[in-house]
K.L.:
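There's a structure below that I have some questions on.
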Amino acid sequence: MTDSIRFPSNFTWGVATSAFQIEGAFDADGKGPSIWDTFSHDPANIIDGSNGDVACDHYNRYRDDVAMMASLGVNAYRFSMAWARVQPTGKGAWNEPGFDFYTRLLDALDEKGIVAHITLYHWDLPQGLQDDGGWMSRDTAHRFADYAAEVARRFGNRVASIATHNEPWCTANLGYGNGQFAPGVADKKQAIQVSHHLLLSHGLAMQAMRAVNPPCQLGIVLNQWTAEPATDTEADRRLAALEWANSVEWFMDPIFKRRYPALSLEAHGANAPVVHAGDFDIIAQPLDFLGVNYYRREVMSAEVPPRKPEGGLGFTDMGWEIYPQGLTDLLVQLKQEYPDLPPVYITENGMAAVDSVGADGQVDDTQRVEYVRTHLEALKAAMDAGVDVRGYFLWSLMDNFEWNSGYEKRFGIVYVDYATQQRIPKASALWYRDFIAGQRAALRAA
């Protein structure tokens, strides 16, 4: 079926990465430490005891990596900037060698005709700001706005878009809720307050960038999923409604409705965040686009132990159910619940798999090919249902440091041999290349 579906001629086809996961060069050229440097330097925090000091050495190999992107035929690259690389402590003087790296990267992308999409924050807060309270401090939101304005001033005329945050749900719930991610705090009340400060920082950053008035589009990237009851019992339906409220509505409602969902506030009780007068007016800045990261659905069960999803299409190496229909369902539900939804980009979609190099030197990741194919079909179904989707960024360009999983989980469409830094395009990369080429050929023939 995928061969017959057609996306619009101006549809964006991209790949995505994040700074800490690929750059390495953790202390090069004046870069300051981030909370992920600190967190990963304690081997007890990372499943394989590794860290991000070298990662994919993209800081030194970016030209080859951009050439690799160009060979796949993508016309867009979504990447994040390391805040501590351009402002070592998160406040004060800018680090020009850090900005020079991103200038060189943008130059390399320009040479290949690949459009840049920048994310300002992908979880790597400068350690200097963490020492001052991190995201529990409202002041960090203001420091983030300063950083956003500077990036918009320098690069706003060189990129297609700037996103403020990537997946603030993860920053709050995994970084502060269960201690799984940096900075390693496990405190539900803090996690909920942090989520508010992240949203506040988004609004302040949007205001600061609008004041700079860059020609690029401005928005935010949220990880989202549908929540379905495992059975038709009232208990399961209630759990599903609460999961939707806590995951999707908790971040969407402040932006589009100037409030938090009542169901969540009731459930949080005394853990509800402290909200200052005027905060929602700051948060609810108009968006040029919404980035949606989709990987799976949630199936909610009140049984003990909880009933698991059936997984008819299998599971990824993260243990996540493969469920492409959830992408259609999610986008259609967003459009129904938020009539003012701006244009959407699928800013991440992909899967971890147990990949290895075969005797022929190739990586045959057939399951990932099927994953991408079925999710593109699901995406087109949502578009046919009236959702305005402008582009798709496959996660990830290459295998990388997968946060607290270290190097054990491989999300890339390009295999990385970490000992040699050799890159080997997997079958999925070649399939994606051919799919994009097929879309363009069909448009030319039309």
Side-chain angles (χ1 to χ4, degrees), residues 35-36 38-39 42 44-47 121-125 127 129-141 144 165-203 220-227 229-230 235-255 257 259-276 279-280 283 293 295-306 318-320 403-405:
I35 57 174
W36 267 98
T38 302
F39 190 74
D42 181 349
N45 290 327
I46 311 300
I47 290 173
Y121 188 79
H122 201 127
W123 312 344
D124 48 350
L125 187 74
Q127 183 62 43
L129 289 181
Q130 186 63 35
D131 294 342
D132 291 339
W135 288 112
M136 274 298 289
S137 169
R138 282 179 68 95
D139 186 64
T140 299
F144 181 70
H165 284 277
N166 178 81
E167 301 185 349
W169 183 97
C170 292
T171 302
N173 290 286
L174 304 183
Y176 283 85
N178 64 12
Q180 182 178 333
F181 284 2
V185 176
D187 184 311
K188 183 177 180 181
K189 186 175 180 65
Q190 285 195 46
I192 294 168
Q193 188 63 51
V194 161
S195 69
H196 179 69
H197 289 164
L198 291 165
L199 283 163
L200 179 66
S201 75
H202 157 74
I220 190 172
V221 172
L222 303 176
N223 56 318
Q224 299 184 330
W225 50 83
T226 56
D236 285 0
R237 292 198 306 272
R238 189 185 312 115
L239 282 177
L242 182 58
E243 176 65 19
W244 175 260
N246 286 344
S247 58
V248 175
E249 291 178 336
W250 186 261
F251 293 93
M252 292 285 284
D253 281 11
I255 294 172
K257 299 180 179 180
R259 60 170 172 78
Y260 284 116
L263 194 60
S264 295
L265 290 174
E266 180 184 0
H268 291 327
N271 289 331
V274 175
V275 178
H276 291 197
D279 279 3
F280 287 122
I283 294 168
N293 295 352
Y295 291 97
R296 67 192 190 281
R297 66 170 173 173
E298 288 287 346
V299 176
M300 307 304 296
S301 171
E303 297 178 17
V304 181
M318 298 296 289
W320 300 343
W403 308 111
N404 70 315
S405 296

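All values below were derived from every heavy atom in this structure, side-chain atoms included, with hydrogens, water molecules and symmetry-related copies excluded. Every value quoted in this text rests on a predicted model; they were computed, and no experiment measured them. Nothing fancy with the numbering, it's 1 onward along the sequence.
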K.L.:
Write down the atom of Pro254, the atom of Leu199, and the distance for their closest heavy-atom approach.
P.N.:
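In terms of heavy atoms, the two residues are closest at CG-CD1, 3.8 Å.
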K.L.:
Could you tell me which non-hydrogen atom of Leu265 sits nearest to which non-hydrogen atom of Pro273, and how far apart they are?
P.N.:
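Taking every non-hydrogen atom into account, CD2-CD, 4.4 Å.
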K.L.:
Distance-only criterion, 3.5 Å: show the donor-acceptor pairs between side-chain atoms of residues 188-195 and protein atoms not counting sequence neighbours.
P.N.:
from: Lys189; atom 1: NZ; to: Ala270; atom 2: O; distance (Å): 2.7
from: Gln193; atom 1: OE1; to: Val274; atom 2: N; distance (Å): 2.7
from: Gln193; atom 1: NE2; to: His197; atom 2: NE2; distance (Å): 3.1
from: Gln193; atom 1: NE2; to: Val274; atom 2: O; distance (Å): 3.2
from: Ser195; atom 1: OG; to: Ile192; atom 2: O; distance (Å): 2.5
from: Ser195; atom 1: OG; to: Trp250; atom 2: NE1; distance (Å): 2.9

K.L.:
Under the side chain to side chain contact (heavy atoms under 4.5 Å, CB included) rule, collect the residues that match up with Pro183, sequence neighbours excluded.
P.N.:
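For Pro183 the side chain to side chain contact (heavy atoms under 4.5 Å, CB included) partners, ignoring immediate neighbours, are Ile35, Gln130, Tyr176, Val185.
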K.L.:
Under 3.5 Å, is there a donor-acceptor pair between the side chain of Thr226 and the main chain of Arg297?
P.N.:
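No; zero donor-acceptor contacts below 3.5 Å.
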K.L.:
If you measure from CG on Leu242 to OG on Ser247, what distance do you get to the nearest 0.5 Å?
P.N.:
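If I round to the nearest 0.5 Å, the distance is 9.0 Å.
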K.L.:
Check whether any side-chain heavy atom of Ile220 sits under 4.5 Å from a side-chain heavy atom of Asn166, and report yes or no.
P.N.:
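No; the side chains remain at least 4.5 Å from each other.
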K.L.:
Output all residues satisfying side chain to side chain donor-acceptor pair (under 3.5 Å) with Asn271, sequence neighbours left out; order by chain, then residue number.
P.N.:
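With sequence neighbours excluded, Asn271 shows a side chain to side chain donor-acceptor pair (under 3.5 Å) to no residue whatsoever.
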K.L.:
Indicate whether any N or O donor in one side chain lies under 3.5 Å from an N or O acceptor in the other, for His268 and Tyr260.
P.N.:
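Per modelled atom types, His268 and Tyr260 side chains form no pair under 3.5 Å.
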K.L.:
Apply side chain to side chain contact (heavy atoms under 4.5 Å, CB included) to residues Asn404 and Asn45 and explain how you reach the verdict.
P.N.:
CA-CA 6 Å; Asn404 70 315; Asn45 290 327; over 6 Å; no
K.L.:
Strictly under 6.0 Å, is that where the ring centroids of His165 and Phe144 end up?
P.N.:
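Centroid distance His165-Phe144: below 6.0 Å, so yes.
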K.L.:
Looking at Thr38 and Gln127, what are the two nearest heavy atoms and their distance?
P.N.:
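Scanning both residues completely, I find the closest heavy atoms to be OG1-OE1, 2.9 Å.
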K.L.:
Write down the atom of Ala230, the atom of Ser301, and the distance for their closest heavy-atom approach.
P.N.:
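Closest approach of Ala230 to Ser301: CB-CB, 3.8 Å.
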K.L.:
Just jot down the side chain to side chain contact (heavy atoms under 4.5 Å, CB included) partners of Arg296, sequence neighbours excluded, or say none.
P.N.:
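Expected list: Glu298, Trp320.
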K.L.:
Are the side chain of Trp135 and the backbone N or O of Ala141 linked by a donor-acceptor pair below 3.5 Å?
P.N.:
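Looks like no, no N/O pair under 3.5 Å.
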K.L.:
Using distance only, find each side-chain donor-acceptor pair of residues 167-175 under 3.5 Å and give its atom names and separation, not counting sequence neighbours.
P.N.:
from: Glu167; atom 1: OE2; to: Asn293; atom 2: ND2; distance (Å): 2.9
from: Asn173; atom 1: ND2; to: Trp169; atom 2: O; distance (Å): 2.9

K.L.:
Passes side chain to side chain contact (heavy atoms under 4.5 Å, CB included), Trp225 versus Glu243? Steps please.
P.N.:
CA-CA 9 Å; Trp225 50 83; Glu243 176 65 19; 2.9 Å; yes
K.L.:
Hey, which of Phe181, Trp36, Trp403 is the one that makes ring pair (Phe, Tyr, Trp, His ring centres under 6.0 Å) with His122?
P.N.:
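Exactly one pass, corresponding to Trp403.
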K.L.:
Does Glu303 CD have over 12 foreign heavy atoms under 6.0 Å away?
P.N.:
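Yes, the 6.0 Å shell around CD holds more than 12 heavy atoms from other groups.
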K.L.:
Do Met300 and Asp236 pass the side chain to side chain contact (heavy atoms under 4.5 Å, CB included) test, and can you show the C-alpha distance, the side-chain angles, and the key distance before you say yes or no?
P.N.:
CA-CA 6 Å; Met300 307 304 296; Asp236 285 0; 5.8 Å; no
K.L.:
Of all heavy-atom pairs between Val299 and Pro229, which one has the smallest distance, and what is that distance?
P.N.:
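Val299 and Pro229 have their closest heavy atoms at CG1-C, 4.5 Å.
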K.L.:
Give a yes or no answer on whether the side chain of Asp42 reaches the backbone of Phe39 with a donor-acceptor pair at less than 3.5 Å.
P.N.:
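Not a single qualifying donor-acceptor pair exists.
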K.L.:
Do Asp132 and Asp139 pass the side chain to side chain contact (heavy atoms under 4.5 Å, CB included) test, and can you show the C-alpha distance, the side-chain angles, and the key distance before you say yes or no?
P.N.:
CA-CA 9 Å; Asp132 291 339; Asp139 186 64; over 6 Å; no
K.L.:
With a 4.5 Å limit on heavy-atom distance, are the side chains of Ile283 and His196 in contact?
P.N.:
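Ile283 reaches His196 side chain to side chain.
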K.L.:
Under the side chain to side chain contact (heavy atoms under 4.5 Å, CB included) test, which residues partner Ala245, sequence neighbours left out?
P.N.:
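Ala245 satisfies side chain to side chain contact (heavy atoms under 4.5 Å, CB included) with Glu249, Pro261, Leu263, Ser264 only.
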K.L.:
Calculate, to the nearest 0.5 Å, the distance between atoms CD and CZ belonging to Gln224 and Phe251 respectively.
P.N.:
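One finds 10.0 Å between CD of Gln224 and CZ of Phe251.
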